[in-house]
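Okay, structure first, notes after.
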Amino acid sequence: MMDSLHLVDPTLRPLLEMLPPISLTADILPAMRDRPSMFPPADESLATLEIHTVPGPAGAPDIDLHVFRPVGVTGVLPCIYHIHGGGYVMGKVSDYDPLVRPLIADLQCVMVSVEYRLAPETSFPGPIEDCYAGLAWTIAHAKELGIDPARLGVMGQSAGGGYAAALALMVRDRGEYALAFQHLIYPMLDDRTCTAAPHPYAGEFIWTAQSNRFGWSSLLGHAPGGDDVSPYAAPARATDLGNLPRTYIATGALDLFVDEDIDYATRLIRAGVPVELHVYPGGYHAFDVFADGPVSQQARRDSHEALRRALA
């Protein structure tokens, strides 16, 4: 049995005592989707919010885009196209309100966050096509949104980081648009992690191997780890990582995704992509948002400063 508690940063331990260990299954998924937010209410004075209902992919339902803009700022601004996390099976844009409003007030940028369809009700490629359709609409309407499309990049956490990486591949390959950067926070990149030998220390807390298998199976519509998985589902499957935008990748040393994230960063570097990689000692999955302490504060600070540079 894995025991990595001694490796957890001491300031991150109290949260683990409050949170019961959960492994996702189809039976508990509805309850997990309905549980109340762990975040305090959003400070609505920091940013305005407009929700635009826009065309989804061909033959699919419309999608909602939440457009946040810092209060009292006029003119053309850079933009973060944001994709929320939730293991491909949970989460919604409004969950992230308390996190994104201070961020965009600080960075003086617009954020467009996409409400993509969730698995298992919608499996690949539906959700990533939702993300692409939302990006296409955003760029087409950049002028009325007050966005500089030359300073637009994609960002996501966890499964959202996986979708952000997949979207960057899709944008490169389709050749219709260009992204200025990809900002990937402990991205969920590789379904083969489900079938690899277990990591001796990573993945004990918050997001476990069992939950990971459920998330990937839900997205793919079949067991993970097989031969025929698209890189637009699992970006680590891409054989060519050249000509991708400048990349930021951050993960915790105890995050289940640590190996796949480091590997992706290494391969991007070998493909000539500018990469900034952070691995935070003692950090489990989502340590930067759920817990507070020096390592969490450092992770948030590093992320904000990287976004500031990328948006410039």
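For reference, positions follow the sequence shown, starting with 1.
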Query - Closest non-hydrogen atom pair between Gly56 and Ala133, with its separation - result: C-CB, 3.8 Å
Query raised in the report: In Å, rounded to the nearest 0.5 Å, how long is the span from OG1 of Thr193 to CH2 of Trp216?
Result: 8.0 Å
Report task. Using the six-membered ring wherever Trp is involved, compare the ring planes of Tyr201 and His6 and label them parallel, tilted or perpendicular (cut-offs 30° and 60°). Result -> perpendicular
Query raised in the report: Is the shortest heavy-atom distance from the side chain of Leu99 to the side chain of His84 under 4.5 Å?
Result: no
**Report entry** Heavy-atom closest pair, residues Thr247 and Gln182
**Finding:** OG1-NE2, 2.9 Å
Query raised in the report: Hey, are Arg213 and Gln210 close enough side-chain-wise for a donor-acceptor pair under 3.5 Å?
Result: no
Query raised in the report: Does the side chain of Thr53 pick up a donor-acceptor pair with the side chain of Asp64 at under 3.5 Å?
Result: yes
Report summary line: Distance col, row Leu219:CG vs Leu118:CG, nearest 0.5 angstrom, shows 10.5 Å
Query raised in the report: Rounded to the nearest 0.5 Å, how far does CG of Leu24 lie from CD1 of Ile28?
Result: 5.0 Å
**Report entry** pair Cys79-Leu145: side-chain heavy atoms closer than 4.5 Å
**Finding:** no
Report task. Would you check, one step at a time, whether the test side chain to side chain contact (heavy atoms under 4.5 Å, CB included) holds for Tyr96 with Met111? Result -> CA-CA 12 Å; Tyr96 286 77; Met111 179 177 278; over 6 Å; no
Query raised in the report: Hey, any chance Leu179 and Leu268 share a hydrophobic cluster, counting ILVMFWY side chains that come within less than 4.5 Å of each other, even indirectly?
Result: yes
Report summary line: So OG of Ser113 and NZ of Lys92: to nearest 0.5 Å the spacing works out to 12.5 Å
Requested in this report: State whether the side chain of Ser123 and the backbone N or O of Ala119 hold a donor-acceptor pair below 3.5 Å, judged by distance alone.
Outcome: no
Query raised in the report: Taking the side chain as C-beta and beyond, is there a heavy-atom pair between Asp43 and Pro102 under 4.5 Å?
Result: no
Query raised in the report: Taking a hydrophobic cluster as the set of Ile, Leu, Val, Met, Phe, Trp and Tyr residues connected by side-chain heavy atoms closer than 4.5 Å, whether directly or through intermediates, do Leu135 and Val100 fall within one such cluster?
Result: no
Requested in this report: Begin with the C-alpha distance, continue with both residues' side-chain angles, and end with the deciding distance and a verdict on side-chain hydrogen bond (donor to acceptor under 3.5 Å, both in side chains) for Tyr280 and Asp9.
Outcome: CA-CA 9 Å; Tyr280 294 96; Asp9 185 286; over 6 Å; no
Report task. Give the ring-plane orientation class for Phe205 versus Tyr284, where under 30° counts as parallel, over 60° as perpendicular and anything between as tilted. Result -> perpendicular
Query - Heavy-atom check, side chain of Phe290 versus side chain of Leu16, under 4.5 Å - result: no
**Report entry** Asp259 with Arg192: basic N within carboxylate O range, under 4.0 Å
**Finding:** no
**Report entry** Same apolar cluster: Ile262 and Met188, side chain cutoff 4.5 Å
**Finding:** yes
Requested in this report: Mind running side-chain hydrogen bond (donor to acceptor under 3.5 Å, both in side chains) on Gln298 and Arg301 for me, showing each step along the way?
Outcome: CA-CA 5 Å; Gln298 185 66 50; Arg301 200 156 48 234; 2.8 Å; yes
Report summary line: Nearest heavy-atom approach of Ala150 to Ala180 is O-CB, 3.8 Å
Report task. Under the side chain to side chain contact (heavy atoms under 4.5 Å, CB included) rule, what do Cys131 and Tyr116 come out as? Steps first, then yes or no, please. Result -> CA-CA 6 Å; Cys131 296; Tyr116 58 85; 4.1 Å; yes
Query raised in the report: Does CZ belonging to Arg33 count more than 12 external heavy atoms closer than 6.0 Å?
Result: yes
Query - Greater than 12 external heavy atoms within 6.0 Å of Phe39's CZ - result: yes
Query raised in the report: Any side-chain heavy atom of Val171 within less than 4.5 Å of one from Pro245?
Result: no
Report task. Measure from the side-chain N and O atoms of Tyr248 to the backbone N and O of Ser303, and report whether any donor-acceptor pair falls under 3.5 Å. Result -> yes
Query raised in the report: Tell me, do Glu204 and Leu254 make a side-chain contact under 4.5 Å, heavy atoms counted?
Result: no
Requested in this report: Apply side chain to side chain contact (heavy atoms under 4.5 Å, CB included) to Val114 and Val93, showing your working.
Outcome: CA-CA 7 Å; Val114 56; Val93 172; 5.9 Å; no
Query raised in the report: Are Trp207 and Asn212 close enough that a side-chain donor and a side-chain acceptor fall under 3.5 Å?
Result: yes
**Report entry** Expected output: side-chain Arg237 to main-chain Asp228 donor-acceptor under 3.5 Å
**Finding:** no
**Report entry** Val73 reachable from Ile80 in the ILVMFWY side-chain graph, under 4.5 Å edges
**Finding:** no
Query - Heavy-atom closest contact (Ile63 atom, Gly134 atom, distance) - result: CD1-N, 3.6 Å
Requested in this report: For Pro235 and Tyr264, work out which heavy atoms get closest and say how close.
Outcome: O-CE1, 3.6 Å
Name the atoms and distances for all side-chain donor-acceptor pairs under 3.5 Å in residues 151-166, with sequence neighbours left out.
unit_1 : atom_1 : unit_2 : atom_2 : d
Arg151 : NE     : Asp148 : OD2    : 2.9
Gln157 : OE1    : His82  : NE2    : 2.9
Ser158 : OG     : His285 : NE2    : 2.9

Requested in this report: Evaluate the side-chain proximity of Val110 to Ile104: yes if any heavy-atom separation is below 4.5 Å, no if none is.
Outcome: no
Query raised in the report: Charged N to carboxylate O below 4.0 Å: is that the case for Asp130 and Arg117?
Result: yes
Query raised in the report: Distance from His66 atom NE2 to Asp97 atom CG, nearest 0.5 Å?
Result: 8.0 Å
Query raised in the report: Does the side chain of Thr251 come within less than 4.5 Å of Glu260's, by heavy atoms?
Result: no
Query raised in the report: Are more than 12 heavy atoms from other residues, nucleotides or ligands located less than 6.0 Å from atom CD of Glu50?
Result: no
**Report entry** In one Ile/Leu/Val/Met/Phe/Trp/Tyr side-chain cluster, 4.5 Å: Phe181, Val112
**Finding:** no
Requested in this report: Indicate the atoms forming the closest heavy-atom contact of Leu169 with Pro231, along with that distance.
Outcome: CD1-O, 3.8 Å
Query raised in the report: For the atom pair CD1 (Ile185) and CZ (Arg300), what is the distance rounded to the nearest 0.5 Å?
Result: 12.0 Å
Query raised in the report: Given Leu103 and His304, is the side chain to side chain contact (heavy atoms under 4.5 Å, CB included) satisfied, shown in steps?
Result: CA-CA 7 Å; Leu103 178 68; His304 287 199; 3.3 Å; yes
**Report entry** Side chain Arg69, main chain Leu77, donor-acceptor under 3.5 Å
**Finding:** no
